[in-house]
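Right, one structure below, let's go through it.
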Amino acid sequence: MYKVITTKEGVTRRNFVRFDRAFWAFGPAIHGFQFCRPFISVDGTHLYGKYTGCPLIATSFDGDNRLLSPAFALVEKENIDTWTWEVSDVHHLESATVVSSSKEGMYFPPHRHRFCIRHIIANLKKRYNVKDLNKMVWRCARAETVAQYDHEMQILEEACPGAKAELTEDLSPEQWALAYDGNMSFGKLTTNSSESVNSLLKRRLSLPVSGPSIGDILSDECMAGEHRVNIMLKECTCRSFQIYQVPCVHAIAVCGAIHYDIHQMTSAYYYASTNARVYERPFDVPTRRSIWGLLDDT
């Protein structure tokens, strides 16, 4: 552990101190996050058994979609106060775009806060019993151009006007749809990654407190029709190039025609050298407790 565990001021009663909160982050993960895509999934879960509480986990992705968790916290419950408390301690997350399961109690600024589309759909299905609602909303979220988004939203409006109204009036398209995302989410639409980490910890949650690869992206289909590629700006009118920050099939074709190095068109987050740096700092092997030194506050 590379950062001192800190707790919110405890409540002292009759010489007893109540545990309140703890935050921790591992040095290798903090270092590695600098070379991951600046996008994190955040989620909370619950402790089971005698002790209650809520672990908060932030999860990011390297260029090959491998998961890295740069921050953890254990708090009383998941709300705006506890998320604010965790994020204020995690300076290396300040510039990242965040996806969460809901908009309730979230600390993150609107311009870089995204909502999990899977949770949005689950909430819509509780209120609207419409066939294929799940598929229609997913198509709206995954649309990579405004024209494609408008087309899919028109289909949704005809099938379920209420769902369309909620997606455009109660929520901002910038916070759930790729077409309006501002190229900040790298095509990530859900909190599945942080929930995967939570599932790994499930068997430990009853213990006491003291105790896509690049090839897959390149093979995705783009919107049919003619497209313009701007090599200098790294843009294509299909918008796949901007969203995933690797050349789309149209950009690959243009690079091949003009003998341009395709690797220069790819974001550095996908470089093997960048991904190697994610894991370059080793974790120290724990020694016997009897020879542990005292941690200072720095």
Side-chain angles (χ1 to χ4, degrees), residues 39-48 54-57 59 61 65 77-80 82-83 97-108 110-182 184-202 205 212 216 220-224 238-240 243-244:
F39 181 86
I40 59 173
S41 169
V42 297
D43 192 40
T45 185
H46 299 281
L47 297 180
Y48 304 106
C54 178
L56 303 179
I57 301 173
T59 305
F61 311 84
N65 282 331
K77 60 183 177 180
E78 184 179 11
N79 57 31
I80 189 170
T82 52
W83 272 117
T97 301
V98 176
V99 60
S100 69
S101 58
S102 74
K103 63 180 179 180
E104 300 299 329
M106 288 290 104
Y107 160 79
F108 312 104
H111 73 278
R112 59 182 183 86
H113 185 193
R114 306 293 180 260
F115 301 133
C116 174
I117 191 63
R118 188 167 55 81
H119 286 81
I120 291 175
I121 292 172
N123 291 331
L124 290 175
K125 291 177 70 175
K126 293 177 182 177
R127 293 186 286 275
Y128 305 104
N129 184 19
V130 177
K131 182 181 179 181
D132 293 332
L133 178 61
N134 178 50
K135 294 179 180 179
M136 288 186 286
V137 177
W138 264 111
R139 285 196 292 266
C140 293
R142 287 172 172 163
E144 297 178 353
T145 66
V146 173
Q148 187 180 0
Y149 168 85
D150 290 340
H151 173 71
E152 299 297 348
M153 288 295 281
Q154 180 64 38
I155 295 175
L156 176 63
E157 184 175 27
E158 294 173 358
C160 185
K164 190 262 185 181
E166 288 192 35
L167 289 173
T168 55
E169 298 173 10
D170 296 345
L171 295 172
S172 169
E174 288 83 357
Q175 296 182 307
W176 63 272
L178 285 182
Y180 289 94
D181 158 83
M184 296 175 66
S185 66
F186 294 88
K188 303 294 183 182
L189 296 171
T190 71
T191 57
N192 289 354
S193 58
S194 49
E195 292 179 22
S196 297
V197 176
N198 283 342
S199 67
L200 292 175
L201 301 176
K202 188 171 184 178
L205 296 178
D216 293 332
D220 284 347
E221 293 183 1
C222 293
M223 185 178 175
C238 78
R239 295 203 69 250
S240 177
I243 290 173
Y244 298 103

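Fair warning: this is a prediction, and the values are worked out from it, not measured in the lab. Heavy-atom basis, side chains included; hydrogens, waters and symmetry copies ignored.
Note that the CD atom of Gln148 and the SG atom of Cys238 stand 10.0 Å from one another [nearest 0.5 Å]. Note that the OG1 atom of Thr145 and the CD1 atom of Ile243 stand 8.5 Å from one another [nearest 0.5 Å]. Taking CG of Asn123 as the reference point, atom CG of Asp170 lies at 11.0 Å (rounded to 0.5 Å).
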Taking only distance into account, with no hydrogens and no angle test, what donor-acceptor pairs under 3.5 Å do side-chain atoms of residues 130-138 form with protein atoms, sequence neighbours excluded?
residue: Asn134; atom: OD1; partner: Trp138; partner atom: NE1; Å: 3.4

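Every residue meeting the side chain to side chain donor-acceptor pair (under 3.5 Å) condition with Glu166, not counting sequence neighbours, appears here in chain and number order: Arg127, Tyr128. Among residues two or more places apart in sequence or in another chain, the salt bridge (Lys or Arg N to Asp or Glu O under 4.0 Å) test is passed with Arg142 by none.
A donor-acceptor pair is defined here as one N or O able to donate and one able to accept, closer than 3.5 Å; such a pair exists between the side chain of Arg239 and the backbone of Glu144. Between the side chain of Arg114 and the main chain of Met184, no donor-acceptor pair closer than 3.5 Å is present. Side-chain atoms of Gln175 come within 3.5 Å of backbone N or O of His113 as a donor-acceptor pair.
Applying side chain to side chain contact (heavy atoms under 4.5 Å, CB included) to Val99 and the options Thr191, Val42, Thr190, Ile40 leaves one that passes, Thr191. Of the candidates Val98, Leu189, Leu171, Leu171 is the only one forming a side chain to side chain contact (heavy atoms under 4.5 Å, CB included) with Phe115.
A 4.5 Å side-chain heavy-atom check between Asp181 and Thr97 finds every atom pair outside the cut-off. Counting only heavy atoms from C-beta outward, the side chains of Trp176 and Cys140 approach each other to under 4.5 Å.
Taking each heavy atom of Ser185 and Leu178 in turn, the nearest pair found is OG-CD2, 3.7 Å.
A ring-centre distance under 6.0 Å is not found for Phe61 and Phe186.
Side chains of Glu158 and Gln154: a donor on one and an acceptor on the other come within 3.5 Å.
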